[in-house]
Protein chains: 2
Amino acid sequence: MPRTLTDPTADRAAAFATDAAADGLTVSLIGSCVATLTGRSQRDLAAGVRTLLWKPDDTVVVHGASGRDPDAWASGGPVTVDAADGLTVACDGGHTAGALRVRFDAVHTATAFDAAGADATTVSGTEAALKDRVLDTPDLVEPGFQPLATERDTPAGPIDIYGRDADGTVTAVELKNVRAGPAAASQLQRYVAALRRTLHADATVRGILVAPAVTAKTRRLLADRGLTFSPVSPPGSRDR
Amino acid sequence: MPRTLTDPTADRAAAFATDAAADGLTVSLIGSCVATLTGRSQRDLAAGVRTLLWKPDDTVVVHGASGRDPDAWASGGPVTVDAADGLTVACDGGHTAGALRVRFDAVHTATAFDAAGADATTVSGTEAALKDRVLDTPDLVEPGFQPLATERDTPAGPIDIYGRDADGTVTAVELKNVRAGPAAASQLQRYVAALRRTLHADATVRGILVAPAVTAKTRRLLADRGLTFSPVSPPGSRDR
DNA sequence: GCCTAGGTCCCGTCT
DNA sequence: AGACGGGGCCTAGGC
């Protein structure tokens with residue numbers, strides 16, 4: 001099913017890639033190339049052997065010798081192929097990104113294949129799962145906590161969980177499924193302030209940050225603002 | 001130079017990949033596989049044809065049919081290869097990430113190559129370039145602005161540019177080289193508050209957000225807090 | 001070592 | 001369409 005060329009000429013490789021893309025196949029090119037990105041930010045890749053993947057959604061990624069992220073990429077397309085001066089693959093990534101041009105002086109291997117089925121994924125352990133867990137067992141936040149609404153809207157944005165504590169005090173809960181940083185504290189602070197403005201003037205409002213952990217600076221920020229931290233991890237995570 | 005196998009058995013592919021990695025080569029495997037990630041977050045990829053890249057830094061990325069990001073990945077290693085039940089590539093990504101296992105029921109193409117030179121990049125148009133531009137022409141921020149220090153430290157973190165406005169008022173400048181969101185406004189707010197606490201009690205402190213543009217909500221946030229927005233783009237960007 | 005900030009962030013979701 | 005927030009974000013730099 002997959003087709004492969006070894007050491008093709010630029011013309012052959014260009015025709016091969018164009019035909020494969022027209023058939024909805026993924027194209028893998030391995031070879032020596034240079035790349036330039038022109039746009040808001042300018043990036044140039046010196047000559048080196050890399051892997052280019054041209055996916056059926058017209059995403060182009062260029063992977064180098066290290067790292068999870070591609071050395072260069074573009075999506076938004078369309079993708080154009082040219083064989084005038086070596087094989088050149090180009091794609092315009094739109095206004096915010098820029099235009100990518102990859103020029104191969106030698107293609108070692110060109111492969112085209114049908115990426116059938118390569119999409120279905122199942123995920124767990126996200127913030128949504130943490131929310132489900134807290135709604136199922138509100139005492140995890142603190143004993144007596146009662147959720148009343150999720151995504152309750154305020155002028156500062158939607159509150160993850162809105163409810164009352166054991167004393168009946170209005171409480172905003174902000175969820176993070178990873179260790180929380182200062183941004184989470186100020187977001188919670190904005191929600192609490194918005195609730196105080198929204199409710200009648202002398203209303204007491206509490207804020208609780210629910211996350212597996214917080215950074216030291218965030219813990220101080222919370223304390224300074226009279227906010228509470230409650231350690232809860234998403235279900236199924238190893239640290240329980 | 002690059003070596004290629006077509007439709008190898010699991011044993012052959014495993015030996016091929018192991019040898020290539022030992023030689024510091026990059027390995028590309030194209031074939032039908034399933035993948036599982038176990039850790040804080042659980043992710044499962046159903047059977048599909050994908051590209052696996054095993055890089056010389058022991059990063060493993062698995063690319064599917066769409067998107068810039070890999071469907072699965074691991075780094076931190078070490079990477080292990082096993083041929084007991086189809087070709088299996090595994091890598092432990094550490095505590096926060098999890099362990100990745102990719103099992104191929106069929107390898108269509110296995111390629112190994114030396115990713116020589118695939119590292120050098122030059123970049124421009126970043127926040128650093130915007131800073132250079134502002135330091136070179138401070139009037140871009142506003143007429144009469146005088147930079148005094150960069151990365152000036154405060155309890156809330158380092159201020160991009162610290163200086164005085166035309167009236168001599170202490171001013172904190174926060175730079176963003178892309179359209180700024182609410183996080184930039186609250187970051188600037190934290191810096192201004194920290195400066196007010198640090199300097200003598202009745203000190204006036206201004207805050208200016210310098211970016212090519214801001215979102216509407218951010219513009220309101222800034223106005224509510226008495227902060228200023230000054231539109232400046234990084235040098236060489238298309239919108240000047 | 002942890003933590004913070006930047007990114008062509010990407011990507012989903014909602015207005 | 002733009003906009004906002006989450007992410008196994010990744011990656012570089014600072015302490």
Side-chain angles (χ1 to χ4, degrees), chain A residues 35-43 59-62 66-76 91-100 121 123-128 130-131 151 153 156-158 160 174-184 187 213-218 234 237-238, chain B residues 37-43 59 61 66-76 91-100 121 123-128 130-131 151 153 156-160 174-184 187 190 213-219 221 234 237-238:
Chain A
T36 60
L37 172 80
T38 54
R40 171 152 303 177
S41 149
Q42 187 89 22
R43 180 169 300 198
T59 302
V60 175
V61 296
V62 180
S66 68
R68 189 208 80 132
D69 283 347
D71 288 354
W73 69 93
S75 63
C91 177
D92 191 335
H95 286 78
T96 56
L100 174 69
T121 71
V123 186
S124 71
T126 63
E127 182 172 301
L130 175 59
K131 180 190 287 188
E151 306 297 332
D153 215 30
D160 286 340
E174 171 69 16
L175 302 172
K176 292 289 166 191
N177 75 326
V178 292
R179 181 189 270 244
Q187 192 178 347
V214 287
T215 64
K217 178 176 281 190
T218 305
S237 67
R238 286 179 302 192
Chain B
L37 171 81
T38 55
R40 169 153 306 177
S41 151
Q42 186 89 22
R43 181 170 300 199
T59 301
V61 296
S66 68
R68 191 207 77 134
D69 283 348
D71 289 353
W73 68 93
S75 63
C91 178
D92 190 335
H95 286 77
T96 56
L100 174 70
T121 71
V123 187
S124 71
T126 63
E127 181 170 304
L130 175 59
K131 181 190 288 188
E151 306 297 333
D153 215 30
I159 298 174
D160 285 341
E174 171 68 17
L175 302 172
K176 293 287 166 192
N177 74 327
V178 293
R179 181 189 270 245
Q187 193 178 347
R190 290 204 302 276
V214 287
T215 65
K217 178 177 281 189
T218 305
R219 192 181 288 272
L221 271 174
S237 69
R238 286 178 301 190

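Values in this document were obtained by computation on a predicted structure and should not be read as measured data. The basis for the numbers below is simple: all heavy atoms, side chains too, and nothing from hydrogens, waters or symmetry mates. Proteins come first, then strands; the chains are lettered A, B, ... in the order of their sequence lines, and each starts at number 1.
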Sorted by chain and number, sequence neighbours left out, side chain to side chain contact (heavy atoms under 4.5 Å, CB included) with B:A72 holds for B:L45, B:V62, B:L100
Short N-O contact, A:E151 and A:K131, less than 4.0 angstrom: yes
Whole Å only: how far is the CZ atom of B:R179 from the P atom of D:dC4? 8 Å
Who are the salt bridge (charged side-chain N to carboxylate O under 4.0 Å, His left out) partners of B:R68, not counting sequence neighbours? A:D69
Between B:K176 (NZ) and C:dG7 (P), how many Å, whole number? 8 Å
Separation of C:dG6 P from B:D160 CG (nearest whole Å): 6 Å
For DNA chain D, the dot-bracket pattern of Watson-Crick and G-U pairs whose distances stay under 3.5 Å, | for other-strand partners: |||||||.|||||||
Can you check the B:E127 CD to C:dC9 P distance for me, whole Å? 12 Å
All side chain to side chain contact (heavy atoms under 4.5 Å, CB included) counterparts of A:T36, not counting sequence neighbours: A:D44, A:R101
Pairs: protein N or O with nucleotides 13-15 of chain C N or O, under 3.5 Å:
none

For B:D71 and C:dC11, give me the distance from atom CG to atom P, rounded to whole Å. 10 Å
Who passes side chain to side chain contact (heavy atoms under 4.5 Å, CB included) against B:A180, sequence neighbours left out? B:K176, B:A184, B:L209, B:A211, B:V214
The side chain to side chain donor-acceptor pair (under 3.5 Å) partners of B:T215 (sequence neighbours excluded) come to B:T218
Checking B:E127 now: which residues fulfil salt bridge (charged side-chain N to carboxylate O under 4.0 Å, His left out) with it, not counting sequence neighbours? none
Give, for atom CD1 of B:I159 and atom CD of B:Q187, the distance between the pair rounded to the nearest 0.5 Å. 10.5 Å
Touch check for B:A74, heavy atoms < 4.0 angstrom, all strands: base, sugar-phosphate only, or nothing? base
Readout for nucleotides 10-15 of chain D: B = base within 4.0 Å of protein heavy atom, S = sugar-phosphate only, - = neither; 5' to 3' it is SS----
Whole Å only: how far is the CG atom of A:D153 from the P atom of D:dC4? 13 Å
A:N177 CG to C:dG12 P, straight-line distance once rounded to whole Å: 17 Å
Give the nucleotide from the list C:dC9, D:dG8, D:dC4 with an atom nearest to the side chain of B:K217. D:dC4
I need the minimum non-hydrogen distance between B:S75 and B:T59, along with the two atoms involved. CB-OG1, 3.8 Å
Roughly, in whole Å, what's the span from CG in B:L130 to C1' in C:dT8? 16 Å
